[in-house]
Amino acid sequence: TTVAARKITLGSVVDRIGALLDGLPANRTSLSTPALPAAAEAALLWALRSHFDRPLVWICDGQESLETMHQDLLGMAPATIAPVLYLPPWSTIPTPSDPPDVEIAGHRLNVLATLDANRASPGPAPVIVTCIQALLPRTLHPESLRARTRFLACGTEVDPTTLVEALAADGYELGHV
């Protein structure tokens, strides 16, 4: 006898999981799963995202699994889906004498700004991948983030003194390069 190979695609996995999700109550706000391989978790998350049109947060158990999940999600991301927001933990808690890592700060601020922008003008519901360590430290309140956000665009004039004063008020210091 010959066994015909079944072609399994992300689309077929999403459709099958979607059919299972149809049986869940509409007011369900959380879902837990048994341990799955990382790629299966990423496929499950895309299925959840296609089924529910609201922001989804996937919480990993640590930095290593966060990195793996982030890469798997990016690798499997459908072209027409909302962006994957990456919320990493601080490598060390920032203090005045130990400023934050700029790359980590950028990722964390991107998540906050995207969530705030979606609140003001709803777009595609984002997928946020993070770990428990990233959720423990307090973060900026949306109003505080809005008050401290500066928009600069090519071709527009900005008074340098006003910009430097605003940045200094937010904790930046003038340094020499």
Side-chain angles (χ1 to χ4, degrees), residues 2-94 100-142 144-146 149:
T2 304
V3 176
R6 287 184 33 191
K7 184 175 180 180
I8 299 175
T9 64
L10 180 59
S12 65
V13 170
V14 167
D15 291 343
R16 292 193 68 189
I17 294 172
L20 293 171
L21 293 171
D22 285 335
L24 290 176
N27 62 349
R28 182 112 188 223
T29 59
S30 66
L31 181 68
S32 60
T33 66
L36 298 170
E41 287 182 354
L44 173 63
L45 185 53
W46 284 125
L48 291 168
R49 174 56 189 86
S50 73
H51 190 77
F52 300 107
D53 188 26
R54 61 181 175 200
L56 293 177
V57 178
W58 191 268
I59 303 171
C60 300
D61 63 359
Q63 181 70 33
E64 187 176 324
S65 60
L66 170 60
E67 297 294 333
T68 300
M69 177 57 107
H70 184 235
Q71 291 305 312
D72 286 347
L73 286 171
L74 292 175
M76 291 183 189
T80 59
I81 202 79
V84 176
L85 300 178
Y86 174 67
L87 183 67
W90 293 112
S91 51
T92 61
I93 300 298
D101 177 280
V102 293
E103 187 174 345
I104 292 173
H107 284 299
R108 293 179 68 86
L109 283 171
N110 180 52
V111 171
L112 295 174
T114 302
L115 290 174
D116 190 52
N118 264 13
R119 180 184 302 177
S121 174
V127 172
I128 303 162
V129 61
T130 189
C131 62
I132 192 66
Q133 296 84 351
L135 297 174
L136 294 175
R138 293 183 65 154
T139 189
L140 290 172
H141 188 277
S144 179
L145 177 64
R146 273 183 238 119
T149 300

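Side chain of Asn118 to backbone of Pro124: a donor-acceptor contact under 3.5 angstrom is found. Thr130 places a side-chain N or O within donor-acceptor distance of the main-chain N or O of Leu87, the cut-off being under 3.5 Å. Thr114 places no side-chain N or O within donor-acceptor distance of the main-chain N or O of Val111, the cut-off being under 3.5 Å.
Atoms CE and CG, on Met69 and Leu74 in that order, are 11.0 Å from each other to the nearest 0.5 Å. The NE2 atom of His107 sits 8.5 Å away from atom CG of Asn110, with the distance rounded to the nearest 0.5 Å. Taking CG of Leu66 as the reference point, atom CD1 of Ile59 lies at 11.0 Å (rounded to 0.5 Å). Separation of atoms CG (Leu112) and CZ (Arg146) is listed at 11.5 Å; rounding is to 0.5 Å. Note that CG of Leu136 is 5.5 Å distant from CD1 of Ile132, once rounded to the nearest 0.5 Å.
Two residues are said to be in side-chain contact when any heavy atoms from C-beta on lie closer than 4.5 Å; Ile104 and Trp90 meet this criterion. A 4.5 Å side-chain heavy-atom check between Gln133 and Gln63 finds every atom pair outside the cut-off. Taking the side chain as every heavy atom from C-beta outward, Leu115 and Ile128 approach each other to under 4.5 Å. In this structure, Cys131 and Pro89 have side chains that are in contact, with non-hydrogen atoms separated by less than 4.5 Å.
Gln71 and Glu67 are not linked by any side-chain donor-acceptor pair at a separation below 3.5 angstrom, with hydrogens and angles left out of the test.
Contact record, Arg108 with Pro137: NH2-O, 4.4 Å, taken as the closest heavy-atom pair. Taking every heavy atom of both residues into account, Leu109 and Leu145 meet most closely at CD2-CD1, 3.9 Å. For Cys60 against Ser65, the heavy-atom pair with the smallest separation is CB-OG, 3.3 Å. Residues Asp101 and Ser91 share a closest heavy-atom pair of CB-OG, 4.4 Å. Nearest approach of Leu36 to Glu41, heavy atoms of both residues: O-OE2, 3.6 Å. Across every non-hydrogen atom of Ala39 and Asp72, the tightest pair is N-OD2, 3.5 Å.
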Steps toward side chain to side chain contact (heavy atoms under 4.5 Å, CB included) verdict (Val84, Trp46)
CA-CA 10 Å; Val84 176; Trp46 284 125; 3.6 Å; yes
What verdict does the side chain to side chain contact (heavy atoms under 4.5 Å, CB included) test give for Trp58 and Leu73, after you've listed the backbone C-alpha separation in whole Å, the side-chain angles of each residue and the deciding distance to 0.1 Å?
CA-CA 11 Å; Trp58 191 268; Leu73 286 171; 5.6 Å; no
